[in-house]
Amino acid sequence: MPDTSLVAVALPVPLRKLFTYSVVECGSSLMGCRVKVPFGKQTLIGLVVEQPQQADPAVKNLKAVIEILDQRPVLPQNVWQLLLKASQYYHHPLGDTVATALPNALLKGEPCQLTPEVHWQITPQGKAEFDTLSKRAVRLRFAMNQLLQAEAPVQEEQLKHQDITPSTLRSLHSKGWIESFEAGQSATSFVKGSTKTLNDEQQTAHQLISKGADQFSPFLLDGITGSGKTEVYLQAIAERLDNQQQVLVLIPEIGLTPQTLARFEQRFPNQIGVLHSGLTDRQRLNTWLKARAGILRVIIGTRSAIFTPMTNLGLIIIDEEHDLSFKQQEGLRYSSRDLAILRAQMESIPIILGSATPSLESLNNALTGKYQHLTLSKRATGQKLPQVKLIDCKNQPMTDGFSAPLLKAIAHHLKQGNQVLVFINRRGFAPVLLCHKCGWIADCKRCDSYMTLHQGKASRYLQCHHCGGYQQDCKQCPKCQSVDLFAVGQGTERIEQFLAAKFPDYPIQRIDRDTTRRKDAMQSYIDAAKSGETRLLVGTQMLAKGHHFPKVSLVAVLDIDGALFSSDFRAPERAAQLITQVAGRAGRAEVTGEVLVQTHHPEHSLLQALTQKSFQQLAKDLLHDRTETDLPPTSYMAIFRSESHQKQLALDFLTATAQQFSMFDQHLQLMGPVASTMSRKSGRYRFQLLINASQRSTLHNAISEKMPNIESLPLAQKVRWSLDIDPQDLL
Ligand code: ADP
Ligand code: ZN
Ligand code: ZN
């Protein structure tokens, strides 16, 4: 009998505990290695986090590890420590926290090593002889077509995703029609692209950031749209690279910012690894491993890239730090921005949070001196920020959502040879389909919401934007059989159709989630917009993010009133950020911009402030309101949410949860349980319990103390529930 020892394993399950297994003694430490273990009827991959001396006497029939997958820890110490802290702070099971951080390939048990990235391309012979291929050789023909269509060599992995098998590739290769090569694994030496001479404000920011090297120094780079924040990032990165360090850059959504990426790649060729959701598992693992090995010096990624192992990290940058996509809204509900601050602190390095519209949390930290506040108040190109003007729609005749003055302005700007951007934050044709005869409204059977009408050239259908529910074209009222159905309100599709008919001479492009599903669609729209070919742009907030369209001179915001009267206390902050960001798309280069906002409430204080004040001034006012009303960032929040097909169960769970906290009633403010704003989604009733505290520690201590009780409530097994720390979305 060989000696056995024990390991405690964190498993990707929603349970807080660690699971102990026996393992045949193997001499070396297994800490941080992945193991394959039995769990109930399944086999799971977990991470060894402890090697206990003795088994918990309560555990009977200790099971054995099936396989040890690694020889050395997959995560370096720094990332491991970050995960421990994250699991603690978000009161989330360690196993599931680890699963959030590890690349998929590792969770599936694939080897933790670089795999060659084989690329295929067509040879001149292949091009010449392709036509001789028999029509019946369907597979070969398909593979050749895919390779012909791709303008660059294609990764074997990607071809596999298109069901092109290695044997197909082998037969084409044997004909001499295609050839393969391996992508180089090591980066070429660091080449500096051209740099700009920084203006005074940029220079000051740059110098202060330089001074903060090698210690925890958080900066808020608070610079208006087009003020040259990216230029400041690039020079800060160059300095860290000169110093042989690595840099981690977090951005909101890769697909939306191809231009920013291109600028980075131009400046630091072959140094950059990009982590985003469009990668295959293997590509992601390779980039991850190259970052861990220090081969890639700059990693640019979305939210989860904060967990990228980097051995020699010298700087973290978070662009558009106010962006909601940095907060994960399921599972481990973490804020990538907040974990980035934590990571910078743990690794004693500088971190730059950049935005034209900083979150009130970060602004507060800057104003209270926790962060250094760097301001860029002028556009780098010398252009003035466009002025926001309001159009009072009260009593105005409206045509498909447009007032007469707005249509006139659009016509004027187009005639001048410029581009116009029309912003409406709702996709589809119309948000409501109504029966004119009996008042019936098409609603979702599974959600507490209406179906959105979609109406393109080819098809017309109803869709629920909350559960995805789909319904074929509705031509007749199901209640009274009338065919007199009305589309009420506007979405991007309707606006596009209307403008295309109104201004037929000007090419138009709609940009929303429906038009950008196809990979690379966004890039081609952006290219067409940048070249000036597209003259009218219609879109949702996707258009507001970071794009640089030199010829846009008018930004029209169709409908903002919904945001003025939301019950979420963050709604004014969000509305102000959105309008400021979308306004920032105007007049970025040669032409001066104009921003027109339609509203029925021109007297509303927020809209007034937007026309009269800078975002910075406005944000200070909003911050003042938060302090007065004792809301974040002055206070600290957590939300317990529950949902169930049975309404009472969901409510009872939160009532029991609330009781757990009643003993803290002097220090915690409990609100609820109440029904969520959308009280039913995908057939489940939803409730929430909000906890507010003036001290972060009070909140966290209470939750830590009560969490075990809450988890062992019998109802906890019967409903779906979650805890959201520092929630960003209260609805
Ligand atoms: P932001 O990131 O703040 O929106 P960018 O860095 O994209 O701003 O800069 C806006 C424009 O100004 C870009 O076209 C950029 O090339 C240019 N720019 C930035 N800094 C300078 C500078 N110091 N001198 C000249 N042009 C600059
Ligand atoms: Zn009817
Ligand atoms: Zn629905």
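Computed from a prediction, not measured in an experiment: that's the story for all the values here. Both counts, for ligands and for their atoms, begin at 1 and track the order of listing.
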Worksheet entry | Student check: side-chain heavy atoms of D448 and K681 closer than 4.5 Å | no
Discussion item. Closer than 2.8 Å to the Zn ion (ligand 2): does that hold for any N, O or S atom in C477?
Written reply: yes
Worksheet item: Does ligand 1 have an atom under 4.0 Å from some heavy atom of G223?
Response: no
Worksheet item: Is any side-chain heavy atom of S359 less than 4.5 Å from a side-chain heavy atom of R337?
Response: yes
Fill in: Short side-chain donor-acceptor distance under 3.5 Å, H206 and E239
yes
Discussion item. Measuring from atom CZ of F429 to atom CD of Q463, what distance do you get when rounded to the nearest 0.5 angstrom?
Written reply: 15.5 Å
Discussion item. Between R641 and D729, does any NZ, NE, NH1 or NH2 come within less than 4.0 Å of an OD or OE carboxylate oxygen?
Written reply: no
Worksheet item: How open is the angle at the Zn ion (ligand 2) from atom SG of C438 over to atom SG of C435, rounded to 10 degrees?
Response: 110°
Worksheet item: Side chain or backbone of Q202 under 4.0 Å from ligand 1, or both, or neither, by non-hydrogen atoms?
Response: side chain
Worksheet entry | Heteroatom proximity flag, S227 to ligand 1, N/O under 3.5 Å | yes
Discussion item. Looking at R460 and E493, is any side-chain nitrogen of the basic one under 4.0 Å from a carboxylate oxygen of the acidic one?
Written reply: no
Response to the item:
All heavy atoms of D512 vs all of M542, minimum pair found to be C-SD, 3.5 Å
Worksheet item: Is the H454 ring parallel, tilted or perpendicular to the Y461 ring (thresholds 30°, 60°)?
Response: parallel
Worksheet item: Do I251 and I300 come within less than 4.5 Å of each other through their side chains, counting heavy atoms only?
Response: yes
Worksheet item: Considering only heavy atoms from C-beta outward, does the side chain of T580 approach that of T225 to under 4.5 Å?
Response: no
Worksheet item: Using a distance threshold of 2.8 Å, what protein N/O/S atoms lie below it relative to the Zn ion (ligand 3)?
Response: C444 SG, C447 SG, C464 SG, C467 SG
Discussion item. My understanding is that only residues two or more places apart in sequence, or in another chain, count here; which of them pass side-chain hydrogen bond (donor to acceptor under 3.5 Å, both in side chains) with D527?
Written reply: Q523
Worksheet item: Between N199 and ligand 1, which part of the residue brings a heavy atom under 4.0 Å of the ligand: side chain, backbone, both or neither?
Response: backbone
Fill in: For T197, the ligand 1 atoms whose distance to one of its heavy atoms is below 4.0 Å
22 (C), 23 (N), 24 (N)
Worksheet item: Quick one: which ligand 1 atoms are inside 4.0 Å of a heavy atom on T381?
Response: 12 (O)
Discussion item. With respect to K229, determine whether any N or O atom, backbone or side chain, lies less than 3.5 Å from an N or O atom of ligand 1.
Written reply: yes
Item to complete: Within a distance under 4.0 Å of any heavy atom of E231, pick out the atoms of ligand 1 and give their elements.
Response: 6 (O), 20 (N)
Fill in: Heavy-atom side-chain contact between T534 and Y525 under 4.5 Å
no
Response to the item:
Near A380 (heavy-atom distance under 4.0 Å), the atoms of ligand 1 are 12 (O), 18 (N), 19 (C), 20 (N), 21 (C), 27 (C)
Worksheet entry | Selection from K196, Q235, Q383 by shortest heavy-atom distance to atom 27 (C) of ligand 1 | K196
Practice prompt. May I ask whether R263 places a heavy atom under 4.0 Å from ligand 1?
Written response: yes
